[in-house]
Amino acid sequence: MLAVIVVFDTGASTSTEWQRPAAAPAPADNHVTAARAELGRALFFDPRLSAKGSLSCASCHNPALGWSDGLPTAVGHNMKVLGRSTPTIVNAAFNPLQMWDGRKGSLEEQALGPFGADEQNLPLEELERRVQSIAGYGPMFADAYPGEPITRTTIAKAIASFERTVLSDGAPFDQWVAGDQDALSPAARRGFDLFVGKANCAACHQGFNFTDNGFHNVGVRDSGAPDPGRFAFKKVASMQGAFKTPTLRDIALTAPYMHNGCYDTLEAVVEHYVRGGETKDHLSPNIRPLDLSAQEKGDLVAFMRSLTSAPRVVSVPTLPR
Amino acid sequence: MRYLFACIAIVGCAAPAYAADHLVSQSGKAFSVAALKAKVGDTISFRNQDPFVHNIFSLSDVQSFDLGTFAKGESRQVKLEKPGKLEVECAVHPEMKLVVEVAK
């Protein structure tokens with residue numbers, strides 16, 4: 001007997017909505033192939049593609065730290081502390097919009113952003129020159145994108161292809177959805193009921209990726225000037241301080257939490273929502289104080305921990321010379 | 001003269017009757033229609049049937065509006081003021097899009 005049949009207010013739900021599609025979506029001109037993913041893996045781990053040759057994509061999106069960095073906010077070129085936390089790239093391939101504020105419309109577009117910004121601090125013209133100057137990349141590009149030159153376009157496409165292979169898999173929750181009733185502890189099962197019910201988490205954290213791909217002000221207090229979030233790109237009042245709903249996949253691996261990394265633990269995050277947020281300016285009406293017992297709070301955390309993928313080994317490539 | 005006044009009064013009263021109200025619901029993070037044809041003076045009533053908030057807006061050159069966030073069971077209405085093409089979205093859920101062609 002299948003353990004998970006959840007009925008939302010909309011009346012539309014089945015166990016399949018909690019199951020990740022087998023493959024991530026990709027644009028017509030950049031389907032994932034083994035050659036593209038391996039090229040992208042090399043580029044992703046290559047620190048030579050930064051101003052001082054010391055920072056790669058993986059410096060912030062570290063697979064040993066849930067493809068994030070374990071820091072409240074990212075640290076970029078010259079140890080500059082940046083304004084927002086590093087989001088995991090797990091399942092980022094399913095996001096219609098990238099970045100906390102959604103300003104990038106695809107993985108390909110996002111992949112180039114950090115090179116020319118405060119992270120790698122390498123102008124895209126110089127990025128192209130450096131990749132072109134490393135002889136070992138030539139055959140890899142020829143295999144991955146035959147007939148196409150080594151440019152920022154193919155660099156971005158390769159990194160995006162690699163990122164499309166970084167997917168959640170084998171979490172206890174997935175096993176439970178697949179029919180293994182013993183895969184979740186009683187606490188996690190109770191937590192799931194709270195998650196989609198009384199605690200209202202599923203108002204935003206929906207579907208297999210636990211995100212509505214939407215933008216909400218959830219009442220997080222910034223330590224300095226308030227971060228405008230999505231409002232910088234959508235001049236709609238409710239978008240002041242609104243950020244993209246992050247996936248909860250592998251959430252136990254990606255502390256600290258929220259757009260500014262203000263909470264070290266999942267327990268602290270739950271307490272934030274129990275309080276109904278810290279700040280009320282432009283607060284989403286989805287956020288309201290919750291009356292949860294200590295056991296219920298613990299159950300929610302137990303459920304979120306059940307979204308952790310099975311342990312896996314990530315291979316770091318020998319970089320082309 | 002009395003006859004002329006009566007005609008004007010009839011026209012004046014009859015004109016609003018031609019303004020239609022177009023009901024567009026939001027369910028499953030989608031508008032009930034992707035495109036809509038309307039006329040200047042018509043209204044669109046947006047009704048939220050989802051168990052979470054929406055925020056319908058348009059920043060189109062022809063007309064901009066922000067209906068704010070509204071919850072399940074609530075509606076917001078906008079009057080179409082000028083002819084042209086309106087691109088309507090939900091600020092919370094950017095994948096929700098509606099194109100309204102407004103004729104004179």
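Naming convention: chains lettered A, B, ... in sequence-line order (proteins, then strands); numbering from 1 in each chain.
Shown here is B:Lys104, whose NZ atom has no more than 12 heavy atoms of other residues, nucleotides or ligands within 6.0 Å. Residue B:Asp21 places its CG atom among more than 12 non-hydrogen atoms of other residues, nucleotides or ligands, all under 6.0 Å distant. For A:Lys198, the NZ atom counts as densely surrounded, since its 6.0 Å shell holds more than 12 non-hydrogen atoms of other residues, nucleotides or ligands. Heavy atoms of other residues, nucleotides or ligands lying less than 6.0 angstrom from NZ of B:Lys79 number 12 at most.
Heavy-atom minimum distance, A:Asp212 versus B:His93: OD2-NE2, 3.5 Å. For the residue pair A:Ser238 and B:Ala91, the shortest heavy atom distance occurs at OG-CB, 4.3 Å.
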Problem - Step-by-step side chain to side chain contact (heavy atoms under 4.5 Å, CB included) determination, A:Ser284 to B:Thr69 - result: CA-CA 8 Å; A:Ser284 166; B:Thr69 52; over 6 Å; no

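Interface remark: B:Ala71 contributes no atoms to any contact with chain A (heavy atom separation under 4.5 Å). The parts of A:Ala237 that come within reach of chain B are both its backbone and its side chain, each placing non-hydrogen atoms under 4.5 angstrom from that chain.
Per-residue heavy-atom pair counts under 4.5 Å with chain B were compared for A:Ala242, A:Pro285, A:Gly102, and the maximum is reached by A:Pro285.
Using a 4.5 Å heavy-atom threshold, the side chains of B:Glu95 and A:Asn213 count as touching. Contact annotation: the side chain of A:Arg230 approaches that of B:Pro94 to within less than 4.5 Å [non-hydrogen atoms, C-beta and beyond]. Within the 4.5 Å cutoff, the side chain of A:Cys204 has no heavy atoms near those of the B:Phe52 side chain.
Here A:Met239 contributes atom CE and B:Asp66 contributes atom CG; the two are 9.0 Å apart, rounded to the nearest 0.5 Å.
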